[in-house]
Amino acid sequence: LLRYMIFIKAYVGAFYMLPQEDVQKALGPTPRHLELEYFHGIEAADFAEATTQKMSDNVSPATMAILKDRLASFNALYRDVQPGDRYGLTYIPGRGTELSLNGQPLGRIPGDDFAAAVFAIWLGQNPIDKSFRDRLLGLQ
């Protein structure tokens with residue numbers, strides 16, 4: 001459960017990797033899936049803004065420049081969500097990172113580098129919330 005401003009429940013999440021994989025390598029070239037269910041309506045533009053900001057908090061300016069066009073394509077996939085909607089983020093090496101809403105694929109972005117950067121929003125050194133990251137990874 002991620003709380004916004006301490007008391008507002010924003011969403012719940014679950015993170016999946018292959019059982020033999022080490023969670024310390026969650027941003028490496030391994031298949032993974034993140035599922036987030038929202039408690040409040042959020043507009044697509046707000047997702048795009050937050051994605052850009054949190055990605056830039058986790059990668060270098062040079063990496064952001066390399067990812068710029070793919071990030072724009074990814075941000076264009078977002079849709080407004082209502083309470084109970086679920087975004088899924090799935091990475092398959094060699095295929096890319098797919099964004100889905102309520103199980104319906106919205107699009108796929110190529111590259112291990114993009115996958116590492118977008119998953120870093122929740123799992124990186126500077127995630128949205130470190131406690132949430134640690135719970136997703138089973139470290140708490």
Side-chain angles (χ1 to χ4, degrees):
L1 172 67
L2 177 82
R3 292 179 185 267
Y4 175 70
M5 296 179 66
I6 300 180
F7 57 89
I8 299 172
K9 294 177 182 176
Y11 54 78
V12 292
F15 178 67
Y16 304 92
M17 289 178 61
L18 297 173
Q20 68 271 21
E21 295 292 340
D22 180 351
V23 295
Q24 299 301 325
K25 298 178 183 176
L27 298 179
T30 184
R32 56 190 173 269
H33 177 77
L34 177 68
E35 188 85 17
L36 301 171
E37 181 175 334
Y38 295 87
F39 295 134
H40 304 280
I42 302 173
E43 294 182 9
D46 293 332
F47 282 111
E49 182 180 334
T51 298
T52 301
Q53 179 59 53
K54 289 311 297 177
M55 190 180 285
S56 69
D57 289 347
N58 282 282
V59 302
S60 70
T63 299
M64 280 299 287
I66 291 168
L67 298 176
K68 178 182 162 191
D69 292 339
R70 286 179 282 164
L71 176 58
S73 295
F74 183 80
N75 283 340
L77 299 174
Y78 282 122
R79 304 292 179 260
D80 297 348
V81 300
Q82 300 303 314
D85 282 346
R86 289 181 173 211
Y87 265 127
L89 193 61
T90 304
Y91 172 67
I92 303 294
R95 293 187 61 203
T97 303
E98 180 180 273
L99 182 67
S100 63
L101 180 60
N102 298 323
Q104 298 300 310
L106 299 173
R108 183 179 298 135
I109 306 297
D112 291 347
D113 56 346
F114 184 82
V118 74
F119 275 90
I121 293 168
W122 297 273
L123 306 174
Q125 290 297 312
N126 299 301
I128 286 177
D129 181 276
K130 289 183 179 182
S131 179
F132 186 69
R133 173 199 61 199
D134 292 348
R135 289 191 312 270
L136 285 173
L137 295 174
L139 302 174
Q140 274 190 352

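Quick note: numbers below take in every heavy atom, side chains included, and nothing from hydrogens, waters or symmetry partners.
- Scanning all heavy atoms of the two residues, the minimum distance from P83 to G41 falls at CD-N, 3.8 Å.
- Between L71 and M64 the shortest side-chain heavy-atom distance falls below 4.5 Å.
- For A115 against T97, the heavy-atom pair with the smallest separation is CB-OG1, 3.2 Å.
- Listed for the N126 side chain is a donor-acceptor partner under 3.5 Å among the backbone atoms of D57.
- Taking the side chain as every heavy atom from C-beta outward, R135 and F15 never approach each other to under 4.5 Å.
- Of all the heavy atoms in I128 and W122, the pair that sits closest is CD1-NE1, 3.7 Å.
- Between F47 and N75, the closest side-chain pair of non-hydrogen atoms is not below 4.5 Å.
- Looking at every heavy atom in both residues, N102 comes nearest to G84 through OD1-O, 4.3 Å.
- Residues M55 and L67 are in side-chain contact: their nearest non-hydrogen atoms beyond the backbone lie under 4.5 Å apart.
- In this structure, CZ in F114 is found 11.5 Å from CG in D69, a value given to the nearest 0.5 Å.
- Of all non-hydrogen atoms in D85 and V81, the two that sit nearest each other are OD2-CA, 3.4 Å.
- Between the side chain of R133 and the backbone N or O of G124 there is at least one donor-acceptor pair closer than 3.5 Å.
- Distance CZ/F119 to CG/L34: 6.0 Å, rounded to 0.5 Å.
- No single ILVMFWY cluster, assembled from side-chain heavy atoms under 4.5 Å apart, contains both Y16 and L101.
- Salt bridge annotation for D113-R70: present, with a cationic side-chain nitrogen under 4.0 angstrom from a carboxylate oxygen.
- The two residues E98 and R108 come nearest to each other via the heavy atoms OE1-NH2, 3.3 Å.
- In this structure, D129 CG and L136 CG are separated by 9.5 Å, a value rounded to the nearest 0.5 Å.
- In this structure, K54 contributes its side chain and V118 its backbone to no donor-acceptor pair below 3.5 Å.
- Taking NZ of K130 as the reference point, atom CG of L139 lies at 13.0 Å (rounded to 0.5 Å).
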Step by step, would you call S73 with I109 a side-chain contact (heavy atoms from CB on, under 4.5 Å)? CA-CA 8 Å; S73 295; I109 306 297; 3.8 Å; yes
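- When atom types are taken as modelled, the side chain of R32 and the backbone of A26 share a donor-acceptor pair closer than 3.5 angstrom.
- To the nearest 0.5 Å, atoms CD1 (I66) and OG (S60) are separated by 7.0 Å.
- Note on ring orientation: taking the six-membered ring where Trp is involved, the planes of Y78 and Y87 are perpendicular (angle over 60°, cut-offs 30° and 60°).
- Each of I92 and L123 belongs to its own hydrophobic cluster when Ile, Leu, Val, Met, Phe, Trp and Tyr are linked at side-chain heavy-atom distances under 4.5 angstrom.
- In this structure, CD in E43 is found 5.5 Å from CG in D80, a value given to the nearest 0.5 Å.
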